[in-house]
Q: 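The structure is given below, and queries will be raised subsequently.
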Amino acid sequence: MSASLREPILDWYAEHNRDLPWRRPDATPWGILVSEIMLQQTPVARVLPIWTEWMERWPTPEALAKESPGEAVRHWGRLGYPRRALNLHACARAITADHAGRVPSTYDELRALPGIGDYTAAAVASFAYGGSHAVLDTNVRRVLARAVRGEEYPPKAPTAAERRLAESLVPPVGAPRWAVAVMELGALVCTARAPRCERCPVTAQCAWRLAGRPAHDGPARQGQTYAGTDRQCRGRLLAVLREAHGPVPKDALDAVWADHVQRERALDGLLDDGLAEVLPDGTYQLPS
DNA sequence: GATACGTGGAA
DNA sequence: TTTCCAAGTAT
């Protein structure tokens with residue numbers, strides 16, 4: 001029954017997919033891996049320019065592996081979650097050292113790389129190498145929650161039931177295309193805020209629409225404020241290091257955040273995370 | 001399982 | 001202006 005979702009969604013994708021550079025036939029496994037890490041919790045529109053710059057600068061894992069981790073963080077710019085830049089750099093070094101410079105092709109090998117979890121391992125194995133995996137990202141989870149479970153939103157964290165459902169839908173042939181098609185539907189039509197059900201290829205069989213699009217009942221998800229948080233403080237401090245050409249004196253960091261206690265805590269966090277380092281003379285810089 | 005982790009665009 | 005949230009992962 002839910003297998004009847006496949007054809008309409010695949011047909012819809014054939015006509016409406018976006019032309020993204022990491023989806024083109026000439027995209028390399030490395031380019032696909034870089035895109036997947038950059039896309040974690042980050043919109044396509046913001047990834048596009050950074051991905052393009054990265055691929056020109058570091059077209060292979062070896063090229064990035066030769067750089068310092070700090071250069072990866074610097075060119076990450078304001079994409080957010082800068083530990084991902086560190087992860088990508090560590091991936092490049094691991095791929096160079098342990099995989100002869102080739103991005104590994106199996107789920108398990110990919111999963112063992114830093115910053116690559118269940119979603120990213122499945123996505124890279126699927127999109128770069130044609131593997132058959134259930135690719136369960138937030139878009140897919142939302143589409144299945146609505147179309148099959150009849151609920152507006154999926155649970156907060158992926159459940160075993162969701163995995164079973166996603167796995168049951170993986171077609172025997174063309175798993176990667178199916179995965180990208182459902183993701184695209186979630187990204188363009190079955191969106192979180194204002195779904196475009198009138199443009200949806202499976203609107204006639206969508207359990208949520210058939211139930212009258214009932215609103216999510218459970219507790220509203222906690223929207224975390226950003227202003228004044230440690231996160232924002234870390235962002236400010238790292239921005240100073242990123243934009244500086246060399247080591248910066250402590251004064252330069254002190255200048256961007258008033259609360260001394262919070263500022264010291266955030267700076268310690270950056271040092272602990274390897275996003276910054278302190279030199280013997282007490283100045284700070286991105287990791288060398 | 002809950003929490004920490006950035007950023008900026010859209011509603 | 002405030003809130004939501006975008007191809008998650010690690011602890």
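What you see is a predicted model; the values in this text were computed from it and never measured.
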Q: Could you check how far CD1 of A:Ile50 sits from P of B:dG6, rounded to whole Å?
A: 16 Å
Q: May I have the distance from A:Lys156 (atom NZ) to C:dC4 (atom P), rounded to whole angstrom?
A: 11 Å
Q: Counting any heavy atom closer than 4.0 Å, what does A:Leu20 reach on the DNA or RNA strands: base, sugar-phosphate only, or nothing?
A: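 A:Leu20: base contact, heavy atoms under 4.0 Å.
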Q: Please go through A:Val173's hydrophobic cluster and name the other residues, only I, L, V, M, F, W, Y counting, with side-chain heavy atoms under 4.5 Å joining them.
A: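 A:Val173 shares its hydrophobic cluster with no other residue.
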Q: With sequence neighbours excluded, what pairs up with A:Arg18 under the side-chain hydrogen bond (donor to acceptor under 3.5 Å, both in side chains) test?
A: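 Partners of A:Arg18 under the side-chain hydrogen bond (donor to acceptor under 3.5 Å, both in side chains) test: A:Glu184.
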Q: Rounded to the Å, how far apart are A:Tyr153 OH and C:dC4 P?
A: 10 Å
Q: Who passes salt bridge (Lys or Arg N to Asp or Glu O under 4.0 Å) against A:Asp251, sequence neighbours left out?
A: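 Expected list: none.
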Q: Within the structure shown, what part of the strands sits under 4.0 Å from A:Arg142 by heavy-atom distance: base, sugar-phosphate, or nothing?
A: sugar-phosphate
Q: Sequence neighbours excluded, which residues qualify as side-chain hydrogen bond (donor to acceptor under 3.5 Å, both in side chains) partners of A:Asp254?
A: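 If we apply the side-chain hydrogen bond (donor to acceptor under 3.5 Å, both in side chains) test to A:Asp254, skipping adjacent residues, the hits are A:Lys250, A:Arg263.
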Q: What residues form a salt bridge (Lys or Arg N to Asp or Glu O under 4.0 Å) with A:Arg265, not counting sequence neighbours?
A: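 For A:Arg265 the salt bridge (Lys or Arg N to Asp or Glu O under 4.0 Å) partners, ignoring immediate neighbours, are A:Asp230.
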Q: Could you check how far CZ of A:Arg177 sits from P of C:dA7, rounded to whole Å?
A: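 The answer, rounded to whole Å, is 19 Å.
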Q: If you measure from the P atom in C:dA7 to the same atom in B:dA11, how many Å do you get, rounded?
A: 15 Å
Q: If you measure from the C1' atom in C:dT9 to the same atom in B:dG1, how many Å do you get, rounded?
A: 15 Å
Q: Can you list everything that forms a ring-ring contact (aromatic ring centres under 6.0 Å, His included) with A:Trp54? Sequence neighbours excluded, please.
A: A:Trp58, A:Trp76
Q: In chain order, what residues pass the ring-ring contact (aromatic ring centres under 6.0 Å, His included) check against A:Tyr284, with sequence neighbours excluded?
A: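 A:Tyr284 satisfies ring-ring contact (aromatic ring centres under 6.0 Å, His included) with no residue once adjacent residues are dropped.
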Q: Report the distance from atom CG of A:Leu237 to atom C1' of B:dG6, rounded to the nearest whole Å.
A: 13 Å
Q: Regarding A:Val135, tell me which of base, sugar-phosphate or nothing describes its non-hydrogen contacts under 4.0 Å with the strands shown.
A: nothing
Q: Mark yes or no for whether A:Thr42, through its side chain, and A:Gln40, through its backbone, hold a donor-acceptor pair below 3.5 Å.
A: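 Such a contact is found between A:Thr42 side chain and A:Gln40 backbone.
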Q: What I'd like to find out is whether the side chain of A:Arg149 reaches to under 4.5 Å of the side chain of A:Leu144, using heavy atoms alone.
A: no
Q: Quick one: which protein N/O atoms are closer than 3.5 Å to N/O atoms of nucleotides 9-11 of chain B? Pair and distance per line, please.
A:
none

Q: For A:Arg74, is there an ion pair with A:Glu71 - N to carboxylate O distance below 4.0 angstrom?
A: yes
Q: Tabulated below should be each protein N or O lying under 3.5 Å from an N or O of nucleotides 8-11 of chain C; please produce it.
A:
{"residue": "C:dG8", "atom": "OP2", "partner": "A:Gln41", "partner atom": "N", "Å": "2.8"}
{"residue": "C:dG8", "atom": "OP2", "partner": "A:Gln41", "partner atom": "NE2", "Å": "3.3"}
{"residue": "C:dG8", "atom": "N7", "partner": "A:Gln41", "partner atom": "NE2", "Å": "3.4"}
{"residue": "C:dT9", "atom": "OP1", "partner": "A:Gly117", "partner atom": "N", "Å": "2.8"}
{"residue": "C:dT9", "atom": "OP1", "partner": "A:Gly117", "partner atom": "O", "Å": "3.4"}
{"residue": "C:dT9", "atom": "OP1", "partner": "A:Thr120", "partner atom": "N", "Å": "3.0"}
{"residue": "C:dT9", "atom": "OP1", "partner": "A:Thr120", "partner atom": "OG1", "Å": "2.8"}
{"residue": "C:dT9", "atom": "OP2", "partner": "A:Tyr119", "partner atom": "N", "Å": "3.3"}
{"residue": "C:dA10", "atom": "OP1", "partner": "A:Gly115", "partner atom": "N", "Å": "2.9"}

Q: Under the rule for salt bridge (Lys or Arg N to Asp or Glu O under 4.0 Å), what residues qualify as partners of A:Arg141, not counting sequence neighbours?
A: A:Glu162
Q: Just call it for A:Trp76: base, sugar-phosphate, or nothing, with non-hydrogen atoms closer than 4.0 Å on any strand.
A: nothing
Q: Let me know the distance between CZ of A:Arg234 and P of B:dA4, rounded to the nearest Å.
A: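 The answer, rounded to whole Å, is 12 Å.
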Q: Can you tell me the distance, in whole Å, between the CD atom of A:Glu243 and the P atom of B:dT7?
A: 10 Å
Q: Measure the distance from CZ on A:Arg84 to P on C:dA6 and round it to the nearest whole Å.
A: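 One finds 14 Å between P of C:dA6 and CZ of A:Arg84, rounded.
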Q: With sequence neighbours excluded, give me every side chain to side chain donor-acceptor pair (under 3.5 Å) pair touching residues 233-249 of chain A.
A: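 Qualifying pairs: A:Arg234-A:Asp273.
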Q: Looking at residues 252-274 of chain A, who's got a heavy atom less than 4.0 Å off DNA chain B?
A: none
